[in-house]
Amino acid sequence: MLDSEERQLQQLARTFTGREIIPQAAELDRTKAFPQAIYNQALALGLLNLTVPESYGGAGLGCLALTLVTEELCRGCVGVGAALSINSLAADAIIHHGSEGQKQWVLPRLVAGELASYAATEPGAGSDVAGLQTRAARDGDDYVLSGSKTWISNANRASFFVVFARTGGGQAGEGGSRGLSVFIVERGTPGLRVGEPLDKLGQRCAPTCEVFFDDCRIPASQRIGEEGQGFRIAMDAFDHSRPMVAAFGVGVHARCLEESLAYAQTRQTMGQPIIRHQLIAAKLAEMSTSLEAARLLAYRAAWLIDHGQRNTLAASQAKLFAAESVMAAATEAVQIFGGMGYSTEYPVEKLFRDAKVLQIYEGTSEIQKLVIARELQR
Ligand SMILES: Cc1cc2nc3c(=O)[nH]c(=O)nc-3n(C[C@H](O)[C@H](O)[C@H](O)COP(=O)(O)OP(=O)(O)OC[C@H]3O[C@@H](n4cnc5c(N)ncnc54)[C@H](O)[C@@H]3O)c2cc1C
């Protein structure tokens, strides 16, 4: 199914993960340190910014390539994988909707190693994108942003923020989805402030922060697309990002299977390795089957968009299935390890903690079901 170039890229990422990520994953989880050295090495190897066009210094590859690499990185540690791949959320909005000037301004700097954050979620609006309240008021040739965002990945390291804000519709809800626009804000702009990283259950080396806009003035030339197109740009971004986020889950799922299989072959109870007990063997069989299904759904959603086909349904199905099946796999992995599954001595308790957020970010599982049901009715 994959061509030789894709297999090579996958192998490169696999080798890198085994050598650089797996040995450091537990320590990064403990210290919550951003994996800067790993980032620099992955950048030098050409594993990052894959979808940035060659004319801006990127690899010019598609969503499938990104999905393949992301899966491998996340097999090592999904916190590292997330920290390394978040740029693509912001970059894709600029690649697909930005002006030539915006592309020339931001994309080469991302390729050179700078980071960008995607800032949609607010304390009062996560699933309800159309209800967000950060305002961007037009003032001559500028916009003035006020409001706050939360849970913004890599925000404490980002040079650029792709920010969703309300330009029309009065209060949140009045203008609904039509009142939103999207802007690029550069770190250092007066009125922009980033909070300390939030403490969280899993993916602890991937920082997430609050971001505050206090009369933050930016030129109108930093608006991406037309005024009022923000909601459409956000939904379009999901079509590109959900296959990649599904691959976050596939990576963790693959690791759950790997660790569980190895443990089940060595741990003995009642005179035999636990894999010989049918109830344990059945868990492994189910884990491997759902892994293959999740992987194929992710690849398919990525392939469709790479071939110019609408993938909203496929991307939500892939994200939903990957998130639900990895959580089930991580739960069973802990079970297969018994008491040792609950210990930090083995990696499965981290896989369990890391897996949970896959049902929450990039659209919760409930929201994916709403999207799928809506798509079925089209
Ligand atoms: C680690 C992490 C990293 C993140 N990174 C980013 C980032 O980089 N950029 C960014 O913009 N955001 C980011 N987010 C935010 C994330 O996308 C939101 O948390 C998510 O969309 C859910 O929004 P919420 O937290 O406001 O939950 P809510 O929207 O309040 O949902 C609460 C519950 O209600 C359910 N629910 C809500 N509406 C409906 C409905 N209509 N029907 C049925 N059920 C419903 C939800 O599924 C959920 O179970 C991140 C979050 C986390 C935890």
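In each ligand, atom 1 is the first atom listed, and ligand 1 is the first ligand listed. In this text, all values refer to a predicted model and were calculated from it rather than measured experimentally.
Between Arg300 and Gln317, some side-chain heavy-atom pair lies under the 4.5 Å cut-off.
For ligand 1, the polar-atom distance check finds an N/O of Ser127 within less than 3.5 Å of one of the ligand's N/O atoms.
Using a 4.0 Å cut-off between a side-chain N of Lys or Arg and a carboxylate O of Asp or Glu, Asp199 and Lys32 qualify as a salt bridge. For Lys350 and Asp29, the salt-bridge test fails: no basic side-chain N is under 4.0 Å from an acidic carboxylate O. The existence of a salt bridge linking Arg193 and Asp214 is excluded, since no basic side-chain nitrogen approaches an acidic carboxylate oxygen closer than 4.0 Å.
Of the protein's non-hydrogen atoms, the one nearest atom 52 (C) of ligand 1 is Trp151 CE3, 3.7 Å. The closest protein non-hydrogen atom to atom 22 (C) of ligand 1 is Thr364 CG2, 3.8 Å.
Which of Glu366, Arg204, Lys149, Lys369 comes nearest to atom 45 (C) of ligand 1 through a heavy atom is settled by distance: it is Glu366. Across Gly126, Cys209, Ala158, heavy-atom proximity to atom 21 (O) of ligand 1 is greatest for Gly126.
Near Glu362, the atoms of ligand 1 lying under 4.0 angstrom from a non-hydrogen atom of the residue are 17 (O). Those atoms of ligand 1 that come under 4.0 Å of a heavy atom in Leu370, given as number and element, are 40 (C), 41 (N), 42 (N). Near Tyr118, meaning under 4.0 Å from any of its heavy atoms, are these atoms of ligand 1: 7 (C), 8 (O), 9 (N), 10 (C), 11 (O).
The side chain to side chain donor-acceptor pair (under 3.5 Å) with Gln359 is formed by just one residue from the set Glu324, Glu366, Lys319; it is Glu324.
For the atom pair CD1 (Ile372) and OG (Ser316), the distance works out to 5.5 Å, reported to the nearest 0.5 Å.
For the residue pair Leu132 and Ala120, the shortest heavy atom distance occurs at CD2-O, 3.8 Å.
With a heavy-atom cut-off of 4.0 Å, Gln203 does not touch ligand 1 at all.
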